[in-house]
Participant: 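After the structure tokens below, expect a handful of questions from me.
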Amino acid sequence: GEDVEQSLFLSVREGDSSVINCTYTDSSSTYLYWYKQEPGAGLQLLTYIFSNMDMKQDQRLTVLLNKKDKHLSLRIADTQTGDSAIYFCAERTGGFKTIFGAGTRLFVKA
Amino acid sequence: GAGVSQSPSNKVTEKGKDVELRCDPISGHTALYWYRQSLGQGLEFLIYFQGNSAPDKSGLPSDRFSAERTGGSVSTLTIQRTQQEDSAVYLCASSFFQGGDTGELFFGEGSRLTVL
């Protein structure tokens, strides 16, 4: 079946790097995503990676995909207090279905 | 409107009552999704509609839950005989799929349901 798992909490100091990890089960996933949910707001796409890629970099964000281990990570360099939010890992399985993890709440301490 | 619109934003109901939640997707989006967000459960897939295809209802938790999408646009999620464990935020999202598209979902702000 389809399942996405991620740790629930992460706390870092301002200026440090944050690494949020995720594992998924469906080997047929075509796209994997990171969504961000700020307090009181809806989810918004942060970045994505196609399943035939190993890495994607977008400014302060680096996404790493290990397809063999079905492991996805999001690294945020120079984490700021404005990065405090819930980060959801998601996979697009066969067709159009998109499954989300439970979300990792990132706390950034000044 | 430019985004996904959901109503009501807040709904308080008594146990046993039926509720309807509405989602108005982005115009032209062919796919529409319902998710449930509750503490300790994360973001739980409920159902999705894609064009004229039969919906994928595999995430609906019980037969008290149903959804329809009329005219390929507006969708209504209905919960019959509500229970306290149905209390959650119900999120709707839409997307426009075509060849090579990334499948980004655009979310509404959700309908918070409280069952007393």
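Source: prediction; values computed, not measured. Computed from heavy atoms alone, side chains included, the values below leave out hydrogens, waters and symmetry copies. In what follows, every chain begins at residue 1, and chains take the letters A, B, ... in the order their sequences are listed.
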Participant: Taking a hydrophobic cluster as the set of Ile, Leu, Val, Met, Phe, Trp and Tyr residues connected by side-chain heavy atoms closer than 4.5 Å, whether directly or through intermediates, do B/F107 and B/L113 fall within one such cluster?
Facilitator: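 No, B/F107 and B/L113 fall in different hydrophobic clusters.
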Participant: Are B/L105 and A/L74 co-members of a hydrophobic cluster defined by side-chain heavy atoms under 4.5 Å apart?
Facilitator: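 Same hydrophobic cluster.
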Participant: Give, as side chain, backbone, both or neither, the part of A/F50 having an atom under 4.5 angstrom from any heavy atom of chain B.
Facilitator: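 A/F50 has no heavy atom closer than 4.5 Å to chain B.
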Participant: Between B/Y35 (side chain only) and A/F100 (backbone N and O only), is there a donor and an acceptor less than 3.5 Å apart?
Facilitator: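 Checked: no pair found.
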Participant: Hey, any chance B/V89 and B/L60 share a hydrophobic cluster, counting ILVMFWY side chains that come within less than 4.5 Å of each other, even indirectly?
Facilitator: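 Looking at the clustering, B/L60 is in a separate group from B/V89.
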Participant: Check whether any side-chain heavy atom of B/E104 sits under 4.5 Å from a side-chain heavy atom of A/Y35, and report yes or no.
Facilitator: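 A side-chain contact exists here, since the closest heavy-atom pair is under 4.5 Å.
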Participant: Are B/F45 and A/L32 joined in one hydrophobic group, where the rule is that I, L, V, M, F, W and Y side chains link up if heavy atoms are under 4.5 Å apart?
Facilitator: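 Result: yes, single cluster for both.
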Participant: Under 4.5 Å heavy-atom distance to chain B, tell me which part of A/Q37 shows up: side chain, backbone, both or neither.
Facilitator: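 The answer is the side chain of A/Q37.
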Participant: Quick one: does A/K97's side chain get under 4.5 Å of B/Y48's, heavy atoms only?
Facilitator: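 Sidechains of B/Y48 and A/K97: in contact.
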Participant: Contact part of B/E44 toward chain A, heavy-atom cut-off under 4.5 Å: side chain, backbone, both or neither?
Facilitator: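 For B/E44, no heavy atom lies under 4.5 Å from chain A.
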Participant: Can you say whether B/L91 sits under 4.5 Å from chain A via the side chain, the backbone, both, or neither, judging by heavy atoms?
Facilitator: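 Only the side chain of B/L91 comes within 4.5 Å of chain A.
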Participant: Taking a hydrophobic cluster as the set of Ile, Leu, Val, Met, Phe, Trp and Tyr residues connected by side-chain heavy atoms closer than 4.5 Å, whether directly or through intermediates, do B/Y33 and A/W34 fall within one such cluster?
Facilitator: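 They do share one cluster, since a chain of ILVMFWY contacts under 4.5 Å joins B/Y33 to A/W34.
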Participant: Where does B/S53 contact chain A at under 4.5 Å (heavy atoms): side chain, backbone, both or neither?
Facilitator: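 Contact with chain A is absent: no heavy atom of B/S53 under 4.5 Å.
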Participant: Is it true that atom CD of A/Q80 has more than 12 heavy atoms of other residues, nucleotides or ligands lying nearer than 6.0 Å?
Facilitator: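 Yes, because the 6.0 Å sphere around CD of A/Q80 holds more than 12 heavy atoms from other groups.
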